[in-house]
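Below is one structure; the comments refer to it alone.
Here is the naming used below: chain letters follow the sequence lines, and residue numbers restart at 1 for every chain. Computed over heavy atoms, backbone and side chain alike; hydrogens, waters and symmetry mates excluded.
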Amino acid sequence: MKTKRLWLPVLGAALLVGSWGGMSNAASAYTHANAPAGKIKISNCGGKGTVKFMFWGDKGDLAAQTASIKAAEKACPGLHVIADWHQSDYDTALKTAIGSGNAPDLFQLDGSKRVPQYATEGALAPIDSYIKRDKINLSKIFFKTCLGEMSYKGKTYGLMRSCGNQKILFYNKDMFDAKKLKYPTNSWTLADFSKAAQKLSGNYSTSSDPTSTLRYGWGWHSDDFGMETMLYQYGADWLSKNLKQCTLTTPAARAAFTWWHNLRWNLHGAATPSQAGGDWFGGFQNGTVGMTFAGAWAEDYLFNHSPGSTGAPVKFKWGAALLPKGPKTRLGIMAATAEVVSKTSKNKNAAYWLARFITEGQGAVLMGASGADTPGAKALWNAPAVKKEFGSLLSVALLANNYGRTPRLVPQYDDFSSTIQSAMDNYWNSASGSVNDATSKACADVTSKGLLG
Amino acid sequence: MAVSAKSAKRSRASERRKEALWGYGFISIWFIGFAIFTAVPLAMSVYISFTSWSPIAGPFWEAKRVGFANYNTFLHDHRYWHSIINTIYFSFGSVLVVNLVSIPLAMILNQRLRGINLYRTIFYLPAIMPAVASVLIFRLIFLPGTGLVSWILSRFHLQCDVTQITCSPIDFLNDPKITMLVVIIISAWGVGQTLLIYLAGLQGIEASYYEASSLDGANSWQQFRKITLPLLTPAIFFNVVVGLIGAFQEFAKLVIYAGGSQATGGPADSLLTTFWYLYIVGFDFSRMGLASAMAFGLFALIMIVTLLNFWGQKKWVFYQEERR
């Protein structure tokens, strides 16, 4: 016990000295530019010592993270990483760790939802000074369309491990063949999409499923990501630019929602809740839903297609294309996994170095190969492991990343999103629902609860 | 003589002390558990309810104290009041259904039949089945289109033809008007515990009452109304009080029936009970201070209902001993 007590201040002092050492290396050459994928060397490995790193994922992710951590420790002698992996309930585990004063030095955050909240509540350390020190141009390294999710109110808080458009159009080729329809293309519009969705709905068999079964054109998806994308297609949004006004009651927002509601309830191009049992994911997997929107992660989790998948691959042939263009845009919602440094970390320099290693260095290549998601660093999309993992989907996913945007986020995102979904439910789930009533209620509720920015 | 009496007294006192020490020793295990897992968290919860604590911001003792602001916030949150209405609907509904089902069942199982113990075991079995498993099975039974209930309705032409694209069958899982009603009906599945208490209550009614009433020409219905029901009121009272306290805190059944997603309270918040809402506020929205205040709001409601029950029981609960 006594030895431990003595050991701790010695280690703390060593970490501090190490951290200063790292800072003093600021002028060392940055070697990222034009480095071949996987050979990227992350400079300033001065922050030696222990870094507790918390992350989520399945067993495949864990294996990739473990390999990535080992590579990091090898690349930065003296760095010791404690991996804190959570397969489920990550948010609760993270909050418990921070709330009990045991925040990890480095941790993952869902960039599409959480950074403003964690930044506002003081859990994150801004990393702008490190970025400046390393002379990194973030928009050259990472996808611009995800960068907005790494910062809040002018400060950068994270580096992105992954970045992907969550609204790529996936389709079941067998259903299209059965109905003698042309496959979706990257230039499809919502009108093309609607026509196909209606024709794909009905009782019929396919080459991979000879049973005559009731099938549906589109797998309904009206969660937060779903609604946001509906709005983007119509040039609308749920919040004004300054985040101070709910804009769901605008004519464009209402027109967007009405279009999708109509597709479901009047045109029968999408399953109603009682038809699909609310399960778009399973419906697409079992071949009863012809089209769905998802991120590149679908390759692993929806189709069980990648080498790391544990389930049986789907029985039908499938393809992917860009999101159909609405009256205004074909922008889908972008989601990035952020690697953020804790404000209370005593080893911020080492944590930041590790974040770089796993977002743009060799660690990122190892992570990309797990199929967890598409890398946030552009150079890594050329890595052989990533190419092998995503195969033909990679080119569509890459293109889709240029047709995406970051969502407008308020600090109390969960409350905001949950309140809106609750208000919209009656509209989505009923043929006679009123879009005016639902959107007015949604805006009134988030405003009265003080959830705007 | 006096010395020996004194020494006997001392020895008895020492024995009593020893006994008391053993007693304290035994209850200390429970007491330590109670202190660590109930009393301390309860005290912490009281304190937290007066702070703006969010676990994301750090430990609770560093949180800003905000007085009664959290109490004011939830009292003006219409979603909270919606959850209170749902809680009351579910609690009274499920307690009513459970008791209405278990009294006749208990009477049937109180008969002298061959193999009665087997029947009693069978009826009790669902009570030991985890709620997760039973509700998941009921979700399949109530699945629109392909579930058993939907199939029966289709067979009797009580809903549209589910093989047609234009048919939207009755949606037991997503229609906000009926979801709570279905969960209340499902509650009847777990009558085992209540049934057992009624069975014990029925067996405590003296047979002489029935014999005497038979001699006076009373029929079965009259015996039930005038003897069984009045003498069963203590058991009814117990089941209602315990059932309501439990129902007010129900969480798992509703979340699972809603599909397992805890982020929203089922379709259009139709299944959102107060317990569930305070979980969402605390764990999803990270507003532990507000969630703690909400918990005390729920506590107050349970307390009022229980006190009303105790106050009202004087008017309708009949204890055999009082008349003797």
Side-chain angles (χ1 to χ4, degrees), chain A residues 89 91-92 94-103 114 117-118 120-124 198 201-203 212-216 223-224 265 268-269 271-279 343-344 412-419 421-431 445 448-451, chain B residues 52-63 73 76-79 82 139-140 142-147 150 159-177 258-259 261-270 272 277 280-288 290:
Chain A
D89 230 357
D91 283 348
T92 307
L94 176 62
K95 287 172 194 172
T96 308
I98 300 173
S100 61
N102 296 303
R114 310 253 173 268
Q117 182 179 19
Y118 278 69
T120 308
E121 301 205 11
L124 308 183
Q198 290 171 63
S201 299
N203 256 303
S212 183
T213 308
L214 193 53
R215 296 170 207 274
Y216 308 94
D223 64 358
D224 46 354
W265 289 103
H268 305 292
T272 62
S274 64
Q275 285 173 328
D279 185 12
K343 197 173 186 179
T344 57
Q412 283 291 334
Y413 176 82
D414 288 299
D415 200 351
F416 176 82
S417 146
S418 170
T419 304
Q421 285 182 68
S422 159
M424 293 300 298
D425 263 359
N426 272 330
Y427 177 61
W428 297 131
N429 294 341
S430 149
D445 287 353
S448 70
K449 286 177 90 173
L451 298 173
Chain B
S52 63
W53 185 47
S54 156
I56 296 169
F60 76 88
W61 54 88
E62 289 172 8
T73 302
H76 288 92
D77 178 0
H78 74 82
R79 207 170 172 195
H82 174 78
R139 258 184 76 85
L140 293 175
F142 283 101
L143 199 66
T146 49
S150 204
Q159 70 178 8
C160 54
D161 179 2
V162 293
T163 62
Q164 297 305 308
I165 194 76
T166 49
C167 169
S168 255
I170 298 171
D171 198 346
F172 299 103
L173 301 185
N174 295 293
D175 186 343
K177 291 187 200 88
S261 165
Q262 295 159 2
T264 52
D269 278 346
S270 56
L272 186 74
Y277 188 40
I280 291 176
V281 170
F283 289 91
D284 288 346
F285 303 167
S286 300
R287 300 175 76 181
M288 284 293 177
L290 180 58

Margin query: Is B:Phe285 in contact with chain A via its backbone, its side chain, both, or neither, using a 4.5 Å heavy-atom distance?
Written below: both

Next item on the list: Among the options B:Gly145, B:Pro267, B:Ser270, pick out the one with the most heavy-atom pairs lying under 4.5 Å from chain A.
Entry: B:Pro267

Notebook entry, point to check: More than 12 non-hydrogen atoms from neighbouring residues, nucleotides or ligands closer than 6.0 Å to NE2 on B:His76, yes or no?
Noted result: no

Item checked: Heavy-atom proximity to chain A below 4.5 Å, by part of B:Pro176 -> side chain

Check: What part of A:Thr92 is in contact with chain B, defined as an atom under 4.5 angstrom from a non-hydrogen atom: side chain, backbone, both or neither?
Finding: side chain

Notebook entry, point to check: Of the listed residues (A:Asp415, A:Thr419, A:Asp425), which shares the most heavy-atom pairs with chain B below a 4.5 Å separation?
Noted result: A:Asp415

Note to self: A side-chain contact here means heavy atoms from C-beta on lying under 4.5 Å apart; do B:Ile165 and A:Asn203 qualify?
What the structure shows: no

Notebook entry, point to check: At their closest point, which heavy atom of B:Ile56 faces which heavy atom of A:Ile98, and how far apart are they?
Noted result: O-CG2, 3.3 Å

Notebook entry, point to check: Would you say the side-chain atoms of A:Gln275 pair up with the backbone N or O of B:Cys167, donor to acceptor, closer than 3.5 Å?
Noted result: yes

Checklist line | Heavy-atom pairs under 4.5 Å with chain B, option from A:Gly99, A:Ser212, A:Ala97 with the top count | finding: A:Gly99

Notebook entry, point to check: Should B:Arg79 and A:Asp445 count as an ion pair when the cut-off is N to O under 4.0 Å?
Noted result: no

Checklist line | Sub-4.5 Å side-chain heavy-atom contact between A:Pro273 and B:Asp171 | finding: yes

Notebook entry, point to check: Considering residues at least two apart in sequence or located in another chain, which fulfil the side chain to side chain donor-acceptor pair (under 3.5 Å) criterion with A:Asp91?
Noted result: A:Arg114

Next item on the list: Specify which of A:Ser418, A:Ser448, A:Gly202 makes the most heavy-atom pairs with chain B at under 4.5 Å.
Entry: A:Ser418

Checklist line | Shortest non-hydrogen contact from A:Asp414 toward B:Asp284 | finding: OD2-O, 3.3 Å

Margin query: Checking A:Gln421 against B:Thr264: is there a side-chain donor and acceptor pair closer than 3.5 Å?
Written below: no

Note to self: Quick check: closest heavy atoms across B:Asn174 and A:Asn429, and the distance to 0.1 Å?
What the structure shows: O-ND2, 4.0 Å

Notebook entry, point to check: B:Thr73 and A:Lys449: side chain to side chain contact (heavy atoms under 4.5 Å, CB included), yes or no, with the steps?
Noted result: CA-CA 9 Å; B:Thr73 302; A:Lys449 286 177 90 173; over 6 Å; no

Item checked: Region of B:Val281 in contact with chain A, defined by heavy-atom distances below 4.5 Å -> neither

Notebook entry, point to check: What pairs with A:Thr344 under side chain to side chain donor-acceptor pair (under 3.5 Å), at least two apart in sequence or on another chain?
Noted result: A:Ser342

Next item on the list: Just do the side chain to side chain contact (heavy atoms under 4.5 Å, CB included) check on A:Trp265 and B:Ser168 with the steps written out, would you?
Entry: CA-CA 9 Å; A:Trp265 289 103; B:Ser168 255; 3.8 Å; yes

Notebook entry, point to check: Looking at B:Asp269, B:Val162, B:Leu272, which makes the most heavy-atom pairs under 4.5 Å with chain A?
Noted result: B:Asp269

Check: Can you tell me how far the OG atom of B:Ser286 sits from the OH atom of A:Tyr413, to the nearest 0.5 Å?
Finding: 14.5 Å

Next item on the list: Check for a donor-acceptor pair, side chain of A:Lys95 on one end and backbone N or O of B:Phe283 on the other, with a separation under 3.5 Å.
Entry: yes

